[in-house]
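As structure tokens, the structure follows; a few thoughts come after it.
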Amino acid sequence: MIKKYMELVKFSHTIFSIPFILIAMVVAANGWFGWKLFVLGILAAVSARNFAMAVNRYLDRDIDAKNPRTADRPSVTGEVNESEMLIFIAANALIFIGVAYMINDLAFKLSIPILAVLGGYSYFKRFSEYAHLVLGVALGLAPIAGAIAVTGTIPCWSVFLAFGVMFWVAGFDILYSLQDMEFDKKEGLHSIPALTGEKGALFISEMFHVFAVIFWALFVAYANLGFFAWLAVVVGAVMLYYEHKLVKKDFKNIPKAFFDVNGFLGIIFLVLIILDRI
């Protein structure tokens with residue numbers, strides 16, 4: 001039973017958001033922030049992503065049924081029915097709000113607006129190519145949430161970190177969308193690849209990733225971090241370069257570039273920030 005829900009929300013992809021909420025918490029606390037906040041931070045990240053992905057699967061079930069790449073998703077096959085998805089969505093929303101309440105007042109006040117942003121992403125591809133950036137905003141909220149959890153405020157450096165995450169996610173989402181470019185055109189869905197074609201999409205993705213590195217550098221500078229943090233920015237830039245090289249070589253490498261490269265990027269970034277604060 002648990003397996004079908006993990007497949008529904010692609011639980012393994014949580015690896016994209018958790019490192020950056022922890023990065024923000026480490027920097028905000030200037031080191032270890034305690035087991036209570038660690039557990040609450042993980043619960044917040046997991047429940048928020050479960051909510052967002054389940055909403056996406058619920059709203060897109062008709063579209064996914066037409067796409068050969070997504071036709072075997074549990075939301076399409078009926079392995080998880082509509083009622084079960086709605087219950088799962090509501091449960092994770094309540095968990096997220098409850099966890100936010102346990103963290104602090106600001107986290108609680110922002111919990112519902114954050115859920116609105118997370119749930120709104122699925123609608124955007126129906127009318128705007130900015131859907132990639134909206135997804136980026138959704139994951140970019142993670143480091144801001146991490147800073148709020150520790151300090152109860154939104155420091156400037158957390159905003160720069162969030163913008164870096166936003167452009168990072170939007171950039172790799174554009175690459176991932178290359179797989180559905182023809183399908184999106186046929187169904188009238190909005191995406192950068194459907195609008196600009198392969199070359200245009202690759203260029204915009206590259207520019208987004210350049211912006212990501214710039215904002216990560218601003219984060220390090222404004223947070224007054226040291227050598228290992230700057231090394232994290234350099235390593236991130238190299239890994240993004242490698243990601244684009246993989247995709248340009250063969251679009252069959254997109255899944256590897258999407259999950260492997262970006263997954264390791266977040267983990268390495270986190271490890272280097274921890275080393276910087278030890």
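As the structure is a computational prediction, the values presented were derived from the model and not from experiment. One is the number of the first residue; the rest follow in order along the sequence.
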Under 4.5 Å between side-chain heavy atoms, counting indirect links through other Ile/Leu/Val/Met/Phe/Trp/Tyr residues: same cluster for [X] and [Y] or not?
{"X": "Ile204", "Y": "Leu195", "value": "no"}
{"X": "Trp168", "Y": "Tyr242", "value": "yes"}
{"X": "Phe203", "Y": "Tyr176", "value": "yes"}
{"X": "Leu94", "Y": "Phe108", "value": "no"}
{"X": "Val210", "Y": "Leu218", "value": "yes"}

Once you round to the nearest 0.5 Å, how far does [atom1] of [X] lie from [atom2] of [Y]?
{"X": "Asp173", "Y": "Leu135", "atom1": "CG", "atom2": "CG", "value": "5.0 Å"}
{"X": "Phe51", "Y": "Leu115", "atom1": "CZ", "atom2": "CG", "value": "5.0 Å"}
{"X": "Asn81", "Y": "Tyr58", "atom1": "CG", "atom2": "OH", "value": "10.5 Å"}
{"X": "Met181", "Y": "Ile174", "atom1": "CE", "atom2": "CD1", "value": "13.0 Å"}
{"X": "Phe208", "Y": "Leu133", "atom1": "CZ", "atom2": "CG", "value": "4.0 Å"}
{"X": "Lys199", "Y": "Leu202", "atom1": "NZ", "atom2": "CG", "value": "10.0 Å"}

For a quick test of reading the model, state the closest non-hydrogen atom pair linking [X] to [Y] and the distance between them.
{"X": "Ala45", "Y": "Ile18", "value": "CB-CG1, 3.9 Å"}
{"X": "Gly41", "Y": "Ile21", "value": "O-CD1, 3.9 Å"}
{"X": "Ala54", "Y": "Ile89", "value": "CB-CG1, 3.5 Å"}
{"X": "Ser177", "Y": "His132", "value": "OG-CE1, 3.3 Å"}
{"X": "Tyr222", "Y": "Cys156", "value": "CD2-SG, 4.0 Å"}
{"X": "Ala24", "Y": "Ala147", "value": "CB-N, 3.8 Å"}

Are there over 12 heavy-atom neighbours, none belonging to [X], within less than 6.0 Å of that residue's [atom1]?
{"X": "Phe163", "atom1": "CZ", "answer": "no"}
{"X": "Met239", "atom1": "CE", "answer": "yes"}
{"X": "Lys185", "atom1": "NZ", "answer": "yes"}

Going through the distances and angles, do Trp230 and Leu225 end up as a side-chain contact (heavy atoms from CB on, under 4.5 Å)? CA-CA 8 Å; Trp230 285 109; Leu225 303 180; 5.9 Å; no
Using side-chain heavy atoms (C-beta onward) and a distance below 4.5 Å, is [X] in contact with [Y]?
{"X": "His209", "Y": "Phe167", "result": "no"}
{"X": "Asn262", "Y": "Leu240", "result": "yes"}
{"X": "Phe219", "Y": "Ile23", "result": "yes"}
{"X": "Leu118", "Y": "Val55", "result": "no"}
{"X": "Leu161", "Y": "Phe215", "result": "no"}
{"X": "Leu106", "Y": "Thr153", "result": "no"}
{"X": "Glu243", "Y": "Ser205", "result": "no"}
{"X": "His244", "Y": "Leu175", "result": "yes"}

Ile114 vs Phe96, test: side-chain contact (heavy atoms from CB on, under 4.5 Å). Steps then yes/no. CA-CA 10 Å; Ile114 286 174; Phe96 179 75; 3.9 Å; yes
Which residues satisfy the side chain to side chain donor-acceptor pair (under 3.5 Å) test with Lys109, sequence neighbours excluded? none
For Ile148, is there any backbone N or O sitting under 3.5 Å from a side-chain donor or acceptor partner on Asn104? yes
Looking at Ser158 and Pro143, would you say the former's side chain and the latter's main chain have a donor-acceptor pair under 3.5 Å? no
If the plane angle is over 60° it's perpendicular, under 30° parallel, otherwise tilted; pick one for Trp32 and Phe38. tilted
Could you go through residues 266-278 and list every donor-acceptor pair under 3.5 Å that involves a side-chain atom there, pairing it with any protein atom two or more places apart or in another chain?
| from | atom 1 | to | atom 2 | distance (Å) |
| --- | --- | --- | --- | --- |
| Asp276 | OD1 | Gly226 | N | 3.1 |
| Asp276 | OD1 | Phe227 | N | 3.4 |
| Asp276 | OD1 | Phe228 | N | 3.3 |
| Asp276 | OD1 | Ala229 | N | 3.4 |
| Asp276 | OD2 | Gly226 | N | 3.0 |
| Arg277 | NH1 | Asn30 | OD1 | 2.7 |

